[in-house]
Peer 1: 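Just dropping this structure here.
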Amino acid sequence: MECHDCGLLHEVPILEDGTTAHCSRCHATLHKFRITSLNNAFAYTCAGLVFFLMANFLPFISLEISGQFHAASLVTGIFALYNQGLWELAAVVALTMFVAPGLRLGSLFIVLGCLTFKRPPRWLPDLYRFATLLAHWAMIEVYMLGVFVAYTKLIDLASVTVGAGLLSLGALMLTMIAAGGALDNETVWRAFERRGLVPSPLKTDSRRPTCQCHTCGLVSNVEPGAHDDCPRCGMALHYRKPNSVSRTWALVASAIILYLPANIFPVMTVISLGRGAPDTIISGVIELADAGMWPLAALVFFASILVPVLKLIGLIILLITTQRGMARRLHDRTVLYRIVEAVGRWSMIDIFMISILVALVQLGQIATIEPGIGAVAFASVVVITMIAAMNFDPRLMWDAAGANRGRRSQ
């Protein structure tokens with residue numbers, strides 16, 4: 001097996017139940033074997049589908065102010081954003097909290113369920129690749145935090161009632177986390193091998209040039225410059241992600257350009273009794289602090305202001321040190337990459353909060369909340385930085401420093 005973070009080759013034996021293999025150099029997880037992995041993941045996925053349906057069909061959240069009552073479902077915010085002309089923002093919210101979670105749960109349900117059949121369909125590996133791709137964009141846990149922030153803003157404005165749909169969404173979040181924790185990518189692909197859905201590869205000779213598949217993780221013998229396909233999943237093999245550094249630089253530059261309007265232009269406007277003022281991201285943080293909600297203000301400041309800046313700085317550090325071939329603190333920079341890749345999604349808190357507020361507070365002259373163009377720019381920054389982190393190949397840092405000459409672990 002090859003470490004996906006530093007590129008070191010390892011001879012990994014057959015693991016006993018409950019055993020996890022870690023990279024001996026950067027400590028990344030290579031493989032964690034659980035006999036019940038597939039069964040547990042299937043059970044959590046079934047529960048997640050039930051909670052997903054409940055969250056969509058049961059009462060979600062409602063608002064009452066000055067005798068007027070307004071209720072919102074899980075998808076009301078998407079339609080509200082679309083109706084106000086911000087279809088880009090509506091598309092991002094729909095993808096991350098409705099489409100991606102639903103399709104991922106459905107895909108995993110079909111894959112794990114069909115693996116129990118005597119003759120599972122041949123297209124299961126393709127469907128599993130699709131489910132793996134969706135994992136980056138399913139953000140139910142971030143949406144739940146956005147709901148919490150929106151609730152704290154609404155309780156001072158009106159009477160807020162939480163429905164069973166919101167509780168189901170919380171349960172959905174827990175089951176999706178549990179399913180992701182139970183599922184191991186290598187275990188699934190070996191299950192495909194045992195069922196004859198993909199060919200069983202030959203043993204790899206670590207003394208010859210090797211290449212790791214970016215899709216299924218299989219390490220194969222490939223001559224330098226050859227354009228071969230993975231013998232297990234059939235996807236094209238690349239020694240490293242193509243044009244990783246240049247693509248990441250382009251995405252980082254785009255995010256920096258968009259970050260300025262994201263903070264200058266309003267993300268929403270609150271209109272009460274015919275009067276209102278636009279709110280930027282920083283003014284929203286100040287309002288929470290002035291209201292005495294310091295922990296929540298700190299959370300929004302960290303997720304919506306500090307995280308995007310630190311993520312851009314982190315990516316720039318990784319890119320510059322890679323291009324200069326720096327050999328110092330390689331392990332620390334690999335940890336920095338993992339942090340950058342993990343925290344980017346949490347910046348969507350403000351976007352989800354806006355979608356909830358826009359859906360609920362539509363009470364004519366009494367109170368109305370309208371989204372602003374700054375929210376589109378900010379959502380673009382979040383999405384672009386996520387793609388930038390996925391495009392960067394951390395193994396290039398170790399390659400540039402000469403640490404992967406003779407890559408076999410001792």
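Keep in mind that this is a model prediction, so the values were computed, not measured.
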Peer 1: Between Phe42 and Phe109, how do the two ring planes meet: parallel, tilted or perpendicular, split at 30° and 60°?
Peer 2: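 The arrangement is parallel - the two ring planes meet at less than 30°.
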Peer 1: With a cut-off of 6.0 Å (strictly less than), are more than 12 heavy atoms of other residues, nucleotides or ligands near CH2 of Trp87?
Peer 2: no
Peer 1: To the nearest 0.5 Å, what is the distance between CG on Leu336 and OG1 on Thr321?
Peer 2: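 Taking CG in Leu336 and OG1 in Thr321, the distance rounds to 8.5 Å.
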Peer 1: Assess whether a salt bridge exists between Arg240 and Glu2, defined as any Lys/Arg side-chain N lying under 4.0 Å from an Asp/Glu carboxylate O.
Peer 2: yes
Peer 1: Just by modelled atom types, is the His136 backbone N or O under 3.5 Å from a matching donor or acceptor in the Arg345 side chain?
Peer 2: yes
Peer 1: To the nearest 0.5 Å, how far apart are CD1 in Ile313 and CD1 in Ile256?
Peer 2: 9.0 Å
Peer 1: Under the salt bridge (Lys or Arg N to Asp or Glu O under 4.0 Å) criterion, do Glu16 and Lys32 qualify, and how do the steps go?
Peer 2: CA-CA 9 Å; Glu16 297 180 359; Lys32 53 181 180 180; over 6 Å; no
Peer 1: Would you say that Ser220 contacts Asp228 through its side chain, given a criterion of any heavy-atom pair below 4.5 Å between the two side chains?
Peer 2: no
Peer 1: Answer yes or no: is there an ion pair linking Asp17 with Arg34, defined by an N-O contact shorter than 4.0 Å?
Peer 2: no
Peer 1: Do you know which two heavy atoms are closest between Leu30 and Cys23, and how far apart they sit?
Peer 2: CG-N, 3.8 Å
Peer 1: Got Trp346 and Phe302 here, is their nearest side-chain heavy-atom distance under 4.5 Å?
Peer 2: no
Peer 1: Going by the angle between their ring planes, with limits at 30° and 60°, are His238 and His214 parallel, tilted or perpendicular?
Peer 2: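 The arrangement is parallel - the two ring planes meet at less than 30°.
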Peer 1: With side chains defined as the heavy atoms from C-beta onward, is the minimum distance between Cys26 and Trp398 less than 4.5 Å?
Peer 2: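 Touching, per the 4.5 Å side-chain cut-off.
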Peer 1: Quick check for you: to the nearest 0.5 Å, what is the distance between Asp184 atom CG and Thr20 atom OG1?
Peer 2: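 Answer rounded to 0.5 Å: 8.5 Å.
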Peer 1: On a heavy-atom basis, which atom in Ala388 and which in Leu315 lie closest, and how many Å separate them?
Peer 2: CB-CD1, 3.9 Å
Peer 1: What's the spacing between Thr322 OG1 and Ile317 CD1 if we round to 0.5 Å?
Peer 2: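 Spacing of OG1 (Thr322) from CD1 (Ile317) equals 11.0 Å.
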Peer 1: Is the number of heavy atoms from other residues, nucleotides or ligands within 6.0 Å of CZ (Arg338) greater than 12?
Peer 2: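 Enclosed.
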Peer 1: Any side-chain heavy atom of Phe352 sitting closer than 4.5 Å to one from Met139?
Peer 2: yes
Peer 1: If you look only at distance, which donor and acceptor atoms sit under 3.5 Å apart when one is on a side chain in residues 48-55 and the other is two or more places apart or in another chain?
Peer 2:
none

Peer 1: Would you say Tyr44 has more than 12 foreign heavy atoms packed within less than 6.0 Å of its OH?
Peer 2: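 Result for OH/Tyr44: open.
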Peer 1: Taking side chain as C-beta onward, heavy atoms only, is Asn56 less than 4.5 Å from Val75?
Peer 2: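 Yes, at least one pair of side-chain atoms sits under 4.5 Å.
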Peer 1: Tell me whether Phe33 at atom CZ has more than 12 heavy atoms from other residues, nucleotides or ligands lying less than 6.0 Å away.
Peer 2: yes
Peer 1: Please test Thr215 against Cys230 for side chain to side chain contact (heavy atoms under 4.5 Å, CB included), starting from the C-alpha separation and ending with a verdict.
Peer 2: CA-CA 9 Å; Thr215 301; Cys230 175; over 6 Å; no
Peer 1: Using 0.5 Å steps for rounding, measure from the CD1 atom of Ile14 to the CZ atom of Arg190.
Peer 2: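 Between Ile14 CD1 and Arg190 CZ, I get 8.0 Å after rounding to 0.5 Å.
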Peer 1: Run Thr116 and Leu38 through side chain to side chain contact (heavy atoms under 4.5 Å, CB included) and show every step you take.
Peer 2: CA-CA 10 Å; Thr116 63; Leu38 299 182; over 6 Å; no
Peer 1: Answer whether the closest heavy-atom distance between the side chains of Trp137 and Met386 falls below 4.5 Å.
Peer 2: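 SC-SC contact between Trp137 and Met386 confirmed.
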Peer 1: Using 0.5 Å steps for rounding, measure from the CG atom of Leu396 to the CG atom of Leu319.
Peer 2: 10.0 Å
Peer 1: Using the rule given for side chain to side chain contact (heavy atoms under 4.5 Å, CB included), can you reason through Thr385 versus Leu251, listing the C-alpha separation, both sets of side-chain angles and the distance that settles it, and then say yes or no?
Peer 2: CA-CA 7 Å; Thr385 52; Leu251 291 165; over 6 Å; no
Peer 1: The test is side chain to side chain contact (heavy atoms under 4.5 Å, CB included); show your working for Met397 and Thr334 and say whether it passes.
Peer 2: CA-CA 8 Å; Met397 296 188 294; Thr334 305; 3.8 Å; yes
Peer 1: With a 4.5 Å limit on heavy-atom distance, are the side chains of Val252 and Thr248 in contact?
Peer 2: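 Result yes, sub-4.5 Å side-chain heavy-atom pair found.
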Peer 1: Are any of the side-chain heavy atoms of Leu124 and Tyr128 separated by less than 4.5 Å?
Peer 2: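 No, every pair of side-chain atoms sits at 4.5 Å or beyond.
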